[in-house]
Amino acid sequence: MKIKQKTIKNIAEVEGVGLHTGKKVKVTFKPAPPNTGILFIRTDIPSSPVIKAEIDNLLDIEKYPRRTSLGNQGCEIHTVEHLLSALYALEIDNLIVEINGEECPGLDGSAISFVEIIKKAGIEEYDEEKEVIYLKEPIYISQNGAHIIALPYDKLRISYTLNYPNSPLKSQFASFIIDPDTYEKEIAAARTFCLQEEVENLKSLGLGKGSDYSNTLVISKDGVINNNFRFEDEPVRHKIVDLIGDLALLGKRICCHIIGIRSGHSLNTKLIKKIKEVTKKEKVAGIGAPTLSQIPSQTFEIEDIEKIIPHRYPFLLVDKIVEIQEGKRAIGIKNVSINEWFFQGHFPGRPVMPGVLIVEAMAQVAGVLMLSKKENRGKLAYFMSIDKVKFRKTVRPGDQLIIEVEVVKLKSKVGLINGKTYVDGKVAAEASLMFTVVDA
Ligand code: ZN
């Protein structure tokens, strides 16, 4: 699935009071070019420092409890989660957020005003694609009786169980597939809340200076004080608002099923860090490189590959097939080591992988794609032509080739396939390959 990057069409503004600082603040949203991400700019500081909304800029949650705070070189922005939640759910990938204070405005305590402002500003789609992460293995984190789990899933689903034992708030559960419409109708309007018994403590910590009964649901044993719920289960829906806000710090779209059980910012952000770590290891997700797109998808180890194509050492140039969609697309991996036979002579003292062998590696991945079909098993794929070959980057020992082949045309005996080879997220070589399938 290919997803285009988005920003807003027109400049938009909003003013309000920070929920914790109680300070008045003005925020201006401006369109930003592709691959910018969400950038906060503190316009009240003479040097106008920039803080990118990403997990590496997260401030210590122990030090700044009950909110998500970002910081960079001594400059801080607090309570970003409701704004980031709305941006993430509306799929706004690139945006400049100018702010003349240290805390985002709390508005009505939910994310709905941010949704309305962004929709009014209009959404602009770029040609550039957005990287989407597909989780491949479950992740599970537990801490002090709270849990967060992320499972492979082909969309973004969030499920949450709210449960405070011995409290006036009864257990609640909600689960949604997150898309812009569902978010706007079912989630965005859910307001922040606290228990009446927590109010004293929060005030003594200097928090909630901008909170009142209208923007914060205060829950006592008799129900919500001086207010009414917008949804019967408004608190659990707000926990989902917060979780999406924290997820935005990933800086990438993700498809998975996240299950939170009593989790808050601390556990949520630990999950984001873990997802980042796991997906970084899967080098396949380098910027600009192909991302794995099908769950579940078939993979082939070297033993499987040797059953499909006849190539052997020293001429087998693919180590693993990490994804194969029959008749459509395959992604293969080749780890290039200094021990490759061709480095002995190409060139002594300056090892560079021959470009024609990168083309051969693409042809082998394409061969696996064509011959893995049941009716083609045991046959051979012969090269008929190579076209539009371009070498864009030298390949050296230690590089990992990520080889993506896509079918352009496929008839019973002839296939036209486009191949691209990436190293560190950049295209190293590309070519258009034509094959014919013959009996062995
Ligand atoms: Zn919140």
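For this chain, numbers begin at 1 and follow the sequence in order. Remember, it's 1-based here, ligands and their atoms both numbered in the order they're listed. No experiment lies behind these values; they were computed from the predicted model shown. Basis for what follows: all heavy atoms, side chains included, without hydrogens, waters or symmetry-related copies.
For the pair L416 and S432, the minimum side-chain heavy-atom distance is below 4.5 Å.
N163 and T161 share no donor-acceptor pair across their side chains, judged by distance under 3.5 Å alone. A donor atom on one side chain and an acceptor atom on the other are not found under 3.5 Å apart for K221 and Q196.
Counting only residues at least two apart or in different chains, ring pair (Phe, Tyr, Trp, His ring centres under 6.0 Å) contacts with residues 220-273 comprise H82-H238, Y153-H257.
Q364 contributes atom CD, which lies 4.5 Å from atom CG of L317 (distance to the nearest 0.5 angstrom).
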Mind running salt bridge (Lys or Arg N to Asp or Glu O under 4.0 Å) on K373 and E326 for me, showing each step along the way?
-> CA-CA 7 Å; K373 284 177 80 174; E326 206 183 282; 5.4 Å; no

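If you look at the Zn ion (ligand 1), the protein N, O or S atoms less than 2.8 Å from it are H82 NE2, H238 NE2, D242 OD1, D242 OD2.
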